[in-house]
Amino acid sequence: SITNRPVFGLSAITMAKRVQNYLRKISDNSPRVSVHLTTRLSHFDLFRSVLDAHRMGLTDILPLLGDPRGPSDKNYFENGFDILGFISYLRWGKKQFLSNKYLALLDRGQLVRPIPDATFSIGSVVDVNPYKIRKNISKFTIGDKQLKFARLKESNGAEYLISQGLYESKYYFDFIDNCDISIPVIPGIIPARLRLINQFEIGR
């Protein structure tokens with residue numbers, strides 16, 4: 001996960017590349033490691049991070065909203081669709097993905113250029129659970145809103161979606177049955193922390 005702190009950004013990209021190389025050694029398949037990007041980045045920071053990941057051969061870019069948001073400044077992203085459209089612009093070079101804010105910068109010649117020969121895929125996240133639980137134990141439904149978000153993310157350039165942590169498989173299949181998008185939705189399975197530590201020697 002990459003924020004606007006350069007040293008963390010570089011270490012996250014390096015770690016992703018290291019994990020990808022390790023998986024290629026032990027697997028006959030072609031493993032894919034996603035690099036998470038957040039709206040804590042300005043569009044200049046994000047461009048550099050995406051370019052670094054692209055140069056290192058990482059194939060999947062997963063933009064997330066992030067918390068907190070960047071300052072109310074022309075160089076910072078305002079929401080998840082803003083950042084998703086910008087990465088799609090870097091990938092495909094098409095201004096149709098840019099929000100009005102970044103179209104204005106493009107028209108004034110103040111926006112970075114798309115990445116030539118970019119080959120990475122662009123993902124985003126969706127919550128397939130039908131409701132959330134507040135701290136006071138009350139439930140509120142999110143299903144219809146998440147279906148709408150999935151459609152918007154596809155139209156903003158997402159090539160696949162990954163679900164939030166999934167505990168009931170029924171919710172995943174219900175979401176797939178009700179979702180009218182053409183891109184794949186990958187179920188988000190939370191692995192055991194100890195297995196991650198042992199497998200990749202994280203924290204040692």
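Owing to the predicted nature of the structure, the values given are computational and were not obtained by experimental measurement.
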I'd like to know if the side chain of S88 and the backbone of N156 have a donor-acceptor N/O pair within less than 3.5 Å. yes
Separation between NZ of K25 and CD of Q20, rounded to the nearest 0.5 Å: 12.5 Å
Just by modelled atom types, is the L152 backbone N or O under 3.5 Å from a matching donor or acceptor in the S155 side chain? yes
Could you give the distance from CD1 (I142) to NZ (K145), rounded to the nearest 0.5 Å? 9.0 Å
Apply side-chain contact (heavy atoms from CB on, under 4.5 Å) to residues L147 and C179 and explain how you reach the verdict. CA-CA 6 Å; L147 289 170; C179 196; 3.8 Å; yes
May I ask you to test the Q164-V128 pair for a side-chain heavy-atom distance under 4.5 Å? no
Taking the side chain as C-beta and beyond, is there a heavy-atom pair between L105 and Y102 under 4.5 Å? yes
For the residue pair H43 and Q110, what are the closest heavy atoms and their distance? NE2-O, 4.0 Å
Are any side-chain N or O atoms of K153 and backbone N or O atoms of V125, one a donor and one an acceptor, separated by less than 3.5 Å? yes
Minimum heavy-atom distance between I83 and G80, given as atom pair plus value: CG2-O, 3.1 Å
Can you check whether V126's main-chain N or O pairs, donor with acceptor, with S163's side chain at less than 3.5 Å? no
With sequence neighbours left out, what residues match K170 under salt bridge (charged side-chain N to carboxylate O under 4.0 Å, His left out)? D174
Quick one: do V112 and V50 end up in the same hydrophobic cluster if we chain Ile, Leu, Val, Met, Phe, Trp and Tyr together by side-chain heavy atoms under 4.5 Å apart? yes
State whether the number of non-hydrogen atoms from other residues, nucleotides or ligands found under 6.0 Å of D144 atom CG is greater than 12. no
Apply the test side-chain contact (heavy atoms from CB on, under 4.5 Å) to residues T14 and R18: give CA-CA distance (whole Å), side-chain angles for both, the deciding distance (0.1 Å), then the verdict. CA-CA 6 Å; T14 303; R18 182 176 178 181; 5.6 Å; no
Taking the six-membered ring for Trp and the full ring for Phe, Tyr or His, determine whether the centres of F86 and F47 are under 6.0 Å apart. no
What side-chain donor-acceptor pairs closer than 3.5 Å can you find for residues 90-99, not counting sequence neighbours?
unit_1 : atom_1 : unit_2 : atom_2 : d
R91    : NE     : F120   : O      : 2.7
R91    : NH1    : A118   : O      : 2.8
S99    : OG     : D82    : OD1    : 2.6

Value for CE (M15) from CD1 (I13), rounded to nearest 0.5 Å, stands at 13.0 Å
Do F175 and N129 touch side chain to side chain, with heavy atoms closer than 4.5 Å? no
What about F81 and I61, same hydrophobic cluster or not, with Ile/Leu/Val/Met/Phe/Trp/Tyr joined at side-chain heavy-atom distances under 4.5 Å? no
Does the side chain of L161 come within less than 4.5 Å of I181's, by heavy atoms? yes
To the nearest 0.5 Å, atom CE of M56 lies from atom CG of L51 at 12.0 Å
To the closest 0.5 Å, what do you measure between CD1 (I87) and OG (S124)? 9.0 Å
Is there side-chain contact between L62 and I162, with at least one heavy-atom pair below 4.5 Å? yes
For the CD atom of Q146 and the OH atom of Y171, what is their distance to the nearest 0.5 Å? 14.5 Å
Indicate whether the side chain of D60 and that of Y160 have a donor and an acceptor atom separated by less than 3.5 Å. yes
Which atoms form the tightest heavy-atom contact between D180 and R151, and what is the distance? OD1-CD, 3.0 Å
Donor-acceptor contact present, side-chain Y172 to main-chain I186, <3.5 Å: no
